[in-house]
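Read through the structure below, which is laid out as structure tokens, and then see the notes.
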Amino acid sequence: MTETRTRRPLRLLTIAHSYCVALNRRLAHEMARAGAGEWEVTAVAPSFFHGDLRAVALERFDDEICSLEAVPAYFSKRIHMMLYGHRLREIMRQPWDMVHCWEEPFVLAGGQIARWTPKDAALVFATFQNIPKRYPPPFNWIERYSMKQATGWIAFGQTIDQALSKRDSYLARRRRLIPLGVDTDHFYPSPEAGEKTLLRLGWDAQGPPVIGFLGRFVPEKGLDLLTRVLDRLSSPHRVLFVGSGPMEKRLRDWAKLHDDRVRVVTGVKHSEVPAYLNAMDALCAPSRTMPNWREQLGRMLIEAFACGVPVVASDSGEIPYVVEDAGLVLSETDEDAWVSALNELLEDAPRRAELSKRGLERARTTYAWPVIARRHLDFFDELLDSKRPAQ
């Protein structure tokens, strides 16, 4: 157990391009709340980030507890090549006790942060890499350098830990398995919000159940399988796709074949997602494993849990560990199993209510940001304790 501190609060600098989105910065916010009096938390985010689906200017939210520093970021259309400007280096020259880097250790930005971390500060990387890839130069050099400088690392899931924990550069560093979290103050069950969304979509709030999809419109998200499954369902239903990506036209063409039963919605901000989740009676996440990708978390799963939406998901990557018994996990290639499971769920309202309850409990006890933030701070305490000279 860490002894009670009587000296100054420890200074934590947490850096992530994901912090451009306000809801992602709830981690820093909740670490500041949980560590009040013991930790001073400063979050660093790009002032603008291109992203792979849409450009994002730094979002702010009221009553944010942590300090926030906006810095320039360059080449952010290709995350491997993204670089932070000299403003970040100026910030990192301050006396920090802990630097938390939510950037992959093999990307250029990760190497920058490893290079600029003060000598006396502990450095922790957080990673989503759940395939043991061998990177070409210079990325393999950057990864080795970054992990040599690191005090520890965080795996965002079981498959990440399995992929990296036995690799030489990671094996020698303390690690902790801590998933991402969900903002249960923003994502929560709201039948009223769901009804308003249905009406806004031009649907009767009392119509057939809505099967939903949330995420990127790309092949690896299993949309080809999902549309084939939906074509085979015998139970009355409607379908709501929320997201964006290169498969948008294909989805819209498919929707035209189904009269008024399908909606494809794009341009939805993260803060608007709960209203669409609450319009769904079940969320499908049929992610498909590719040679160079498998599902790393499935944020839509924990957001659906928090909104009380039953989840039906594939067994790709991290999904079985995220869902456990709080939803239905099916083979990513078994189309018949998907048809059977969705037909049964559409006809069984009590079963949907049971899964809703399980998902809510899992979101609140395992994935709520206050829980996740406390686990981060406990790990940081452990790392700092290990750096202190023996008494």
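Note that R238 lies in the cation-pi zone of W203, set by a 6.0 Å cut-off to the ring centre and a 45° limit from the axis. Judged by a 6.0 Å distance limit and a 45° cone about the ring axis, R200 is positioned over the six-membered ring of Y276.
In this structure, the side chains of V262 and F241 come closer than 4.5 Å at one or more pairs of heavy atoms. A heavy-atom distance below 4.5 Å is found between the side chains of W96 and T42. Residues D281 and I211 are not in side-chain contact: their nearest non-hydrogen atoms beyond the backbone lie 4.5 Å or more apart. Residues F156 and L177 fail the side-chain proximity criterion, which asks for heavy atoms closer than 4.5 Å. Contact of the P274 side chain with the Y188 side chain is not registered, since no non-hydrogen atoms from C-beta on lie closer than 4.5 Å.
Residues meeting the salt bridge (charged side-chain N to carboxylate O under 4.0 Å, His left out) test with R358, sequence neighbours left out: E354. Under the rule for a salt bridge (charged side-chain N to carboxylate O under 4.0 Å, His left out), R375 has no partner lying at least two apart in sequence or in another chain. Every residue two or more places apart in sequence or in another chain was checked for a ring pair (Phe, Tyr, Trp, His ring centres under 6.0 Å) with W369, and none qualifies. Residues passing the ring pair (Phe, Tyr, Trp, His ring centres under 6.0 Å) test with F48 are H50, sequence neighbours excluded. With sequence neighbours excluded, the residues satisfying ring pair (Phe, Tyr, Trp, His ring centres under 6.0 Å) with H29 are F61. For R173, the salt bridge (charged side-chain N to carboxylate O under 4.0 Å, His left out) criterion is met by no residue, not counting sequence neighbours. Scanning for salt bridge (charged side-chain N to carboxylate O under 4.0 Å, His left out) contacts around K166 gives an empty result, with sequence neighbours left out.
Using a 4.0 Å cut-off between charged nitrogen and carboxylate oxygen, D260 and R263 count as a salt-bridge pair. Using a cutoff of 4.0 Å between basic side-chain nitrogens and carboxylate oxygens, D224 and R250 are scored as salt-bridged. Ion pairing of R374 with E30 is absent here, as no side-chain N (NZ or NE/NH1/NH2) approaches a carboxylate O to less than 4.0 Å. We find that R8 and D97 are joined by a salt bridge, their nearest charged nitrogen and carboxylate oxygen being less than 4.0 Å apart. A salt bridge does not link R351 to E347: none of the charged side-chain nitrogens sits closer than 4.0 Å to a carboxylate oxygen.
Members clustered with L68: L58, by chain and number, using a 4.5 Å side-chain heavy-atom cutoff among hydrophobic residues. The hydrophobic cluster around M81 extends to Y74, F75, L83, F106, V107, L108, Y135, F139, I142, counting ILVMFWY residues whose side-chain heavy atoms fall within less than 4.5 Å of a member.
Among pairs with a residue in residues 289-300, those fulfilling salt bridge (charged side-chain N to carboxylate O under 4.0 Å, His left out) read K221-E295, at least two apart in sequence or across chains. Pairs of residues two or more places apart, or lying in two chains, never qualify as side chain to side chain donor-acceptor pair (under 3.5 Å) while including a residue from residues 111-125. For residues 264-274, the side chain to side chain donor-acceptor pair (under 3.5 Å) pairs, not counting sequence neighbours, are H270-E303.
Taking all atoms of both residues into account, the shortest heavy-atom contact from P118 to V99 is CD-CG2, 4.4 Å. Across all non-hydrogen atoms, the minimal contact from I372 to P179 is CG2-O, 3.4 Å. In terms of heavy-atom proximity, P189 sits nearest to A306 at CD-O, 3.3 Å. The two atoms that bring R362 and Y321 nearest to each other are NH2-O, 3.0 Å, heavy atoms only.
Counting non-hydrogen atoms of other residues, nucleotides and ligands closer than 6.0 Å to CG of D253 gives a total above 12. Around the CZ atom of R232, the shell of radius 6.0 Å holds more than 12 heavy atoms that belong to other residues, nucleotides or ligands.
Looking only at atom types and distance, the side chain of E103 has a donor-acceptor partner in the side chain of Y84 under 3.5 Å away. Looking only at atom types and distance, the side chain of Q129 has no donor-acceptor partner in the side chain of Y170 under 3.5 Å away. Judged by distance alone, the side chains of S314 and S316 never bring a donor and an acceptor atom under 3.5 Å apart. Neither side chain, N24 nor W102, offers a donor N or O lying under 3.5 Å from an acceptor on the other.
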Steps toward side-chain hydrogen bond (donor to acceptor under 3.5 Å, both in side chains) verdict (R261, H258):
CA-CA 6 Å; R261 294 192 297 111; H258 296 272; 3.2 Å; yes
Would you check, one step at a time, whether the test side-chain hydrogen bond (donor to acceptor under 3.5 Å, both in side chains) holds for T184 with Y367?
CA-CA 9 Å; T184 53; Y367 293 107; over 6 Å; no
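Formation of a donor-acceptor pair under 3.5 Å by the N343 side chain with backbone atoms of L233 is not found in this model. Listed for the H100 side chain is no donor-acceptor partner under 3.5 Å among the backbone atoms of M98. When atom types are taken as modelled, the side chain of E69 and the backbone of V44 share no donor-acceptor pair closer than 3.5 angstrom.
In this structure, CZ in R364 is found 12.5 Å from OG1 in T366, a value given to the nearest 0.5 Å. The line from CG of L383 to CG of D378 is 11.0 Å long, rounded to the nearest 0.5 Å. Taking NE2 of H17 as the reference point, atom SG of C20 lies at 9.0 Å (rounded to 0.5 Å).
The aromatic rings of H376 and F380 sit perpendicular, their planes meeting at an angle over 60°, well past the 30° parallel limit.
For the pairing with E64, the salt bridge (charged side-chain N to carboxylate O under 4.0 Å, His left out) check across R25, R26, R33 returns one residue only, R25.
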